[in-house]
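Step one of this worksheet: look at the structure below.
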Amino acid sequence: MKWRAIAIYTPIDKLFFEAPVLELARNLLGQYIVHKQPEGDIVVRIVETEAYHGPEDRAAHSFDNRRTKRTEIMFGTAGLIYTYQMHTHTLMNVVSGAIGTPHAILIRAGEPVVGLELIQENRGHHLKMTDWTNGPGKLSKALGVTMKYYGHHWTDEPLFIAAGAAPEEIVAGPRVGIGNSGEAVHYPWRFYEKDSPYVSKYRP
DNA sequence: GTCGCGATTGTCT
DNA sequence: GACAATCGCGACC
């Protein structure tokens with residue numbers, strides 16, 4: 001019988017999210033983000049993340065245990081979805097750390113895997129494929145993710161993380177777009193797959 | 001190709 | 001009323 005592999009995407013085990021934040025930021029690379037929608041499924045492979053080590057990290061929204069309506073979710077259990085609005089864009093985070101410890105990981109870029117037509121519709125037909133998901137705002141737009149997922153969990157449909165394979169080589173470097181954060185500007189807490197054309201452009 | 005600017009909206013002081 | 005974990009575009013090399 002001739003057959004081809006059809007990947008069945010199912011939510012990853014909740015234990016996956018219990019790793020320390022820097023480790024989890026690395027572990028997220030190569031996993032899949034799945035968004036099930038009436039029009040069809042969209043799947044993107046994660047190629048870039050950034051760890052935010054609240055409350056000690058000046059660049060984190062939860063620095064010094066700042067607890068507001070916006071940051072509240074980060075004090076919850078690991079694996080929750082923290083969405084944040086930046087200008088007109090939605091940014092997706094994975095909550096990390098024990099309850100009461102507000103760590104989070106920003107998912108910055110991905111590689112389109114399934115639902116390419118839907119992604120193209122979401123992003124615009126004039127763009128090159130490498131510009132569909134190479135930034136945190138672009139990634140959310142491509143997946144059709146909005147603020148309504150704030151507080152959901154990354155193991156619950158219709159938006160969940162599914163197990164993939166780790167990249168061959170991971171690069172660590174300083175994070176992007178956090179200008180006035182003192183020493184924290186230099187922490188090498190951005191991780192990405194080496195040589196991936198889908199990684200966001202670095203802006204000092 | 002790279003660089004600089006301004007849009008635009010939720011959130012917090 | 002200021003600011004932001006960004007993006008897209010236009011100017012220029």
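Protein chains get the first letters and strands the later ones, always in sequence-line order, with residue 1 at the start of each.
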Reading DNA chain B 5' to 3', how would its secondary structure be written in dot-bracket notation, given Watson-Crick and G-U pairs with both distances under 3.5 Å, brackets [ ] for crossing pairs and | for partners on other strands? |||||||.||||.

Show me the donor-acceptor pairs within less than 3.5 Å that the side chains of residues 155-168 of chain A make with the rest of the protein, sequence neighbours left out.
{"from": "Thr155(A)", "atom 1": "OG1", "to": "His153(A)", "atom 2": "ND1", "distance (Å)": "2.9"}

Touch check for [X], heavy atoms < 4.0 angstrom, all strands: base, sugar-phosphate only, or nothing?
X         : result
Arg175(A) : nothing
Tyr52(A)  : base
Leu106(A) : base

Could you check whether His89(A) and the base of dT6(C) form a stacked pair, meaning centres closer than 5.5 Å and planes differing by less than 30°? no

What residues from residues 53-72 of chain A pass a heavy-atom cutoff of under 4.0 Å to DNA chain B? Arg66(A), Thr68(A), Lys69(A), Arg70(A)

Lys138(A) or Gly177(A), whichever maps to the more 5' nucleotide of DNA chain C: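 Nearest-nucleotide comparison on DNA chain C picks Gly177(A).
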
Pairs flagged by side chain to side chain donor-acceptor pair (under 3.5 Å) wherever residues 74-84 of chain A is involved - sequence neighbours left out: His61(A)-Tyr82(A)

Side chain to side chain donor-acceptor pair (under 3.5 Å) partners of residues 116-131 of chain A, not counting sequence neighbours, each pair once: Asp131(A)-Asn134(A)

Looking at Tyr187(A), is Arg58(A) sitting on its ring face, NZ or CZ under 6.0 Å from the six-membered ring centre and within 45 degrees of the normal? no

N/O contacts under 3.5 Å, protein versus nucleotides 9-13 of chain C?
none

Chain A contact limits on DNA chain B, taken 5' to 3' with a cut-off of 4.0 angstrom to heavy atoms: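 Footprint of chain A along DNA chain B, 5' to 3': dA7(B) to dT13(B).
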
Under the ring pair (Phe, Tyr, Trp, His ring centres under 6.0 Å) test, which residues partner Tyr149(A), sequence neighbours left out?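 Tyr149(A) satisfies ring pair (Phe, Tyr, Trp, His ring centres under 6.0 Å) with His35(A), His152(A) once adjacent residues are dropped.
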
Please identify each residue that fulfils side chain to side chain contact (heavy atoms under 4.5 Å, CB included) with Pro112(A), with sequence neighbours left out. Leu116(A), Ile119(A), Met129(A), Trp132(A), Thr133(A), Tyr198(A)

Residues which pass side chain to side chain contact (heavy atoms under 4.5 Å, CB included) with Lys194(A), listed by chain and number, not counting sequence neighbours: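 Once residues adjacent in sequence are excluded, the partners of Lys194(A) under the side chain to side chain contact (heavy atoms under 4.5 Å, CB included) criterion are Glu169(A), Val171(A).
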
Given a cutoff of under 4.5 Å between side-chain heavy atoms of I, L, V, M, F, W and Y, with clusters grown through shared members, what are the other residues clustered with Tyr202(A)? Val176(A)

Can you tell me the distance, in whole Å, between the CD1 atom of Ile73(A) and the P atom of dA5(C)?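 One finds 19 Å between P of dA5(C) and CD1 of Ile73(A), rounded.
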
Would you kindly give the CG-to-P distance between Asp131(A) and dT6(C), to the nearest whole Å?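 To the nearest whole Å, that distance equals 16 Å.
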
Counting only pairs under 3.5 Å, give me each side-chain donor-acceptor contact of residues 12-25 of chain A, with atom names and distances, residues two or more places apart or in other chains.
{"from": "Asp13(A)", "atom 1": "OD1", "to": "Leu15(A)", "atom 2": "N", "distance (Å)": "2.8"}

